[in-house]
Chemist: 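To start, I am sharing the structure in question, which I have written as structure tokens.
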Amino acid sequence: MERVDRSLLTADAPAVAPQLLNKLLVHGGCVGRIVEVEAYRQDDPASHTFRGETNRNAIMFGPAGHLYVYFTYGMHHCANVVTGDAGVGAAVLVRAVEPLDGIELMRARRSGRAALADGPAKLCQAFAIDLRHSGTDLVDGERDAVGLFDDGTPPPVRPRVGPRVGITKAVEVPWRWRTPAED
DNA sequence: GGAACGATCTGC
DNA sequence: CAGATCGTTCCC
């Protein structure tokens, strides 16, 4: 199994996002296929980077292919793939993966619940991803670090496209992509 | 120094 | 549909 190539991630976040569908997220003994993503760009009112670089969002201004994890609502973590050139604050939020391996581990981390990784905070819990992993390199990291892999499955030809979820600004921008059920 | 608010999830 | 729960950001 090969890693995702970094050159795939240096483009604009809305161009990269659908390319991440069907790629594999690997961490904590678990493997999942990415089936839902959202793009966030620096000139985007809904993005953490809209008001410029801060200590919290600095990773988003770094090189493409690194992991940006943020903590929200006092209890949840969300995982993003940094995109674009260094100096540009953009990333793709991984919203859902289809569990492929390590399902028993996911179930345990999710306290036995049926929903394992069908939400950005749920998948972080299932894959044991938290702030300690923020800033790590997804495409050239240690063996047990968070990684992005390509098993040869191409992105869906006709992904579902629609507005992003849970935001209050730029609500209409259609930068959410999902793998159709039949893919 | 303080207040408001989340790129969410869960249980009622 | 409201509560949980706390770091970040912004405004005074």
Side-chain angles (χ1 to χ4, degrees), chain A residues 9 11-21 23 25 27-28 30 32-84 88-99 102-103 105-136 138 146 148 159-179:
Chain A
L9 309 171
D12 203 21
V16 172
Q19 300 301 313
L20 286 178
L21 292 176
K23 297 293 184 288
L25 178 71
H27 186 249
C30 301
R33 189 178 304 283
I34 297 174
V35 293
E36 181 177 347
V37 293
E38 285 178 355
Y40 288 88
R41 243 171 40 163
Q42 190 170 351
D43 63 348
D44 166 13
S47 174
H48 287 171
T49 54
F50 184 62
R51 294 169 193 281
E53 183 170 346
T54 65
N55 190 59
R56 174 221 209 182
N57 65 26
I59 302 297
M60 282 182 72
F61 287 85
H66 286 234
L67 179 69
Y68 167 58
V69 180
Y70 66 87
F71 180 66
T72 190
Y73 293 104
M75 62 186 85
H76 296 305
H77 297 275
C78 294
N80 303 255
V81 180
V82 175
T83 64
V88 177
V92 173
L93 171 68
V94 182
R95 286 195 59 87
V97 306
E98 172 196 350
I103 291 177
L105 274 169
M106 297 188 207
R107 228 193 295 281
R109 293 184 182 126
R110 291 278 304 137
S111 308
R113 292 184 180 85
L116 296 180
D118 59 344
K122 292 185 234 181
L123 75 87
C124 279
Q125 190 179 22
F127 282 70
I129 295 171
D130 60 45
L131 286 180
R132 298 191 310 262
H133 306 100
S134 196
T136 57
L138 292 164
V146 186
L148 260 187
R160 301 288 143 80
V161 187
R164 297 171 292 182
V165 174
I167 54 175
T168 56
K169 300 154 208 147
V171 172
E172 305 287 300
V173 177
W175 283 352
R176 177 188 186 213
W177 290 265
R178 282 175 290 165
T179 300

Chemist: Judged by atom type as modelled, is there a donor-acceptor pair below 3.5 Å linking the side chain of A:Glu38 to the main-chain atoms of A:Val165?
Modeler: yes

Chemist: According to the Watson-Crick and G-U wobble definition with distances under 3.5 Å, which dot-bracket string, read 5' to 3', encodes DNA chain B, using [ ] for crossing pairs and | for pairs with another strand?
Modeler: ||||||.||||.

Chemist: I'd like the P distance from C:dT5 over to B:dG2, given in whole Å.
Modeler: 23 Å

Chemist: For A:Phe61, check ring pair (Phe, Tyr, Trp, His ring centres under 6.0 Å) against everything at least two apart and list the hits.
Modeler: none

Chemist: Tell me which donor-acceptor pairs under 3.5 Å the side chains of residues 63-70 of chain A have, and how far apart each pair is, sequence neighbours excluded?
Modeler:
{"residue": "A:His66", "atom": "ND1", "partner": "A:Gly135", "partner atom": "O", "Å": "3.0"}
{"residue": "A:Tyr68", "atom": "OH", "partner": "A:His48", "partner atom": "ND1", "Å": "2.9"}

Chemist: Please write out the pairs of protein N or O atoms and N or O atoms of nucleotides 8-11 of chain B separated by less than 3.5 Å, giving the distance to one decimal.
Modeler:
{"residue": "B:dT8", "atom": "OP1", "partner": "A:Arg95", "partner atom": "NH1", "Å": "3.2"}
{"residue": "B:dT8", "atom": "OP2", "partner": "A:Gly166", "partner atom": "O", "Å": "3.3"}
{"residue": "B:dT8", "atom": "O2", "partner": "A:His76", "partner atom": "NE2", "Å": "2.8"}
{"residue": "B:dC9", "atom": "OP1", "partner": "A:Pro120", "partner atom": "N", "Å": "3.2"}
{"residue": "B:dC9", "atom": "OP1", "partner": "A:Ala121", "partner atom": "N", "Å": "2.9"}
{"residue": "B:dC9", "atom": "OP1", "partner": "A:Lys122", "partner atom": "N", "Å": "3.1"}
{"residue": "B:dC9", "atom": "O4'", "partner": "A:His76", "partner atom": "NE2", "Å": "3.2"}
{"residue": "B:dT10", "atom": "OP1", "partner": "A:Arg110", "partner atom": "NH1", "Å": "2.7"}
{"residue": "B:dT10", "atom": "OP1", "partner": "A:Arg110", "partner atom": "NH2", "Å": "2.5"}
{"residue": "B:dG11", "atom": "OP1", "partner": "A:Arg113", "partner atom": "NH2", "Å": "3.3"}

Chemist: Which residues satisfy the side chain to side chain contact (heavy atoms under 4.5 Å, CB included) test with A:Leu105, sequence neighbours excluded?
Modeler: A:Cys30, A:Arg109

Chemist: Extract from the structure each pairing of a protein N or O with an N or O of nucleotides 8-12 of chain C at less than 3.5 Å, listing the distance.
Modeler:
{"residue": "C:dT9", "atom": "OP1", "partner": "A:Thr54", "partner atom": "OG1", "Å": "2.2"}

Chemist: Give me each pair satisfying side-chain hydrogen bond (donor to acceptor under 3.5 Å, both in side chains) with a member in residues 167-177 of chain A, each pair once, sequence neighbours excluded.
Modeler: A:Glu36-A:Arg176

Chemist: Tell me, which pairs form a ring pair (Phe, Tyr, Trp, His ring centres under 6.0 Å) where one or both residues lie in residues 111-134 of chain A, sequence neighbours left out?
Modeler: A:His27-A:His133

Chemist: Check the distance between B:dC5's P and A:Lys169's NZ and give it to me in whole angstrom.
Modeler: 10 Å

Chemist: What residues, two or more places apart in sequence or in another chain, satisfy salt bridge (Lys or Arg N to Asp or Glu O under 4.0 Å) together with A:Arg160?
Modeler: A:Glu182

Chemist: Name all pairs fulfilling the side-chain hydrogen bond (donor to acceptor under 3.5 Å, both in side chains) condition that reach into residues 111-129 of chain A, sequence neighbours left out, sorted by first residue then second.
Modeler: A:Arg110-A:Gln125, A:Asp118-A:Lys122

Chemist: According to side chain to side chain donor-acceptor pair (under 3.5 Å), who are the partners of A:Arg41, at least two apart in sequence or on a separate chain?
Modeler: A:Asp12, A:Asp43

Chemist: Among all residues two or more places apart in sequence or in another chain, which pass the side chain to side chain donor-acceptor pair (under 3.5 Å) test with A:Arg178?
Modeler: none

